[in-house]
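Working notes, structure below.
In what follows, chains are A, B, ... by sequence order, proteins preceding strands, each numbered from 1.
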Protein chains: 2
Amino acid sequence: MGDVYKAVADETRRIILDELLERDEQTLFELCTRLTMKHGLSSTRQAVSQHLEVLEDAGLVHSERRGRYKIHTIDTRPLAQIADRWPVRPPREDIP
Amino acid sequence: MGDVYKAVADETRRIILDELLERDEQTLFELCTRLTMKHGLSSTRQAVSQHLEVLEDAGLVHSERRGRYKIHTIDTRPLAQIADRWPVRPPREDIP
DNA sequence: TTGACAGGCAAGTGACTACTTGCCTACGGT
DNA sequence: ACCGTAGGCAAGTAGTCACTTGCCTGTCAA
């Protein structure tokens, strides 16, 4: 099982998650097209494919083959461990 | 301003955050000692110092000089943007 | 004031990582 | 059957990152 933290450490992978959150169940080519069109990224197909592999290892994306297409589905649940590990609250204020 | 995602991408930095969450306001040497004793990490002082710098750039740690000591305080608030960006909910289930 | 302690600065190194390039496999339509 | 499309499989490369090493600065106690 891959590292969720390392998965979201890359900005391109974060944009892929954004894109899948906005429109779930996209193929590799759809994602490539949208990354170049909407986000101005000039990533090759292989680059995006490798990013999706990392996201899949982290459990953030699931994939399913349909004919000659590979459909990618987002799963944000692994991100919950981040919020669970360090509860968000204001820092200690030192008032002398 | 540094990258919060890159800051938590490293396991040592995550352990530092754990340690600061359990006991806030530690010096560099205290953190070094606890990392080696409690977590079995053999990090040098400079390594931990550089990690703290990354965490500070990301806004996750604030530091304050007191005499010859440097006190480190945790601030988990920058982590909220992760939960905000991708709301955690179950993935789409395909029931044919 | 001198030595010990807490920390900083900066260059160098090895490992990892994002990305590319080139070629190959599989499925579908005509 | 054949061509085009969607995707996979490496190997190679350039850049980043974690970590070390060596030396320097500042602070407190005796």
- Task: May I ask you to list the residues of residues 47-55 of chain A, by number, that have any heavy atom positioned under 4.0 Å from an atom of DNA chain C?
- Result: A47(A), Q50(A), H51(A)
- Query: Pairs in or reaching into residues 41-56 of chain B: which pass side chain to side chain donor-acceptor pair (under 3.5 Å), with residues at least two apart or in two chains?
  - Reply: R13(B)-H51(B), E56(B)-S63(B)
- Note on the structure: Contact check, residues 27-40 of chain A vs DNA chain D, heavy-atom distance under 4.0 Å, returns T27(A), L28(A), F29(A)
- Message: Tell me which residues in residues 10-17 of chain B lie within less than 4.0 Å of DNA chain D, going by non-hydrogen atoms.
- Response: D10(B), T12(B), R13(B)
- Item | Along DNA chain D, first and last positions that approach a heavy atom of chain B under 4.0 Å | dC17(D) to dC28(D)
- Of all residues at least two apart in sequence or in a different chain, which pass the side chain to side chain donor-acceptor pair (under 3.5 Å) check with R85(A)? D18(B)
- How bent is the helix from dT1(C)-dA30(D) to dA26(C)-dT5(D), comparing axes over its five end pairs at each side, to the nearest 10°? 30°
Residues in side-chain contact (heavy atoms from CB on, under 4.5 Å) contact with [X], at least two apart in sequence or another chain:
X: A58(B); answer: V4(B), A7(B), L60(B)
X: R77(A); answer: D75(A), V88(B), P91(B)
X: A83(A); answer: none

- Item | Lys/Arg-Asp/Glu bridge criterion (N-O < 4.0 Å) met for K38(B), E22(B) | yes
- salt bridge (Lys or Arg N to Asp or Glu O under 4.0 Å) filter on D57(B), not counting sequence neighbours, yields none
- Task: Sugar-phosphate atoms are those with a prime plus P, OP1 and OP2; base atoms are the rest. Using that split, label each nucleotide of nucleotides 23-30 of chain C B, S or - for protein heavy atoms under 4.0 Å, 5' to 3'.
- Result: ----BS--
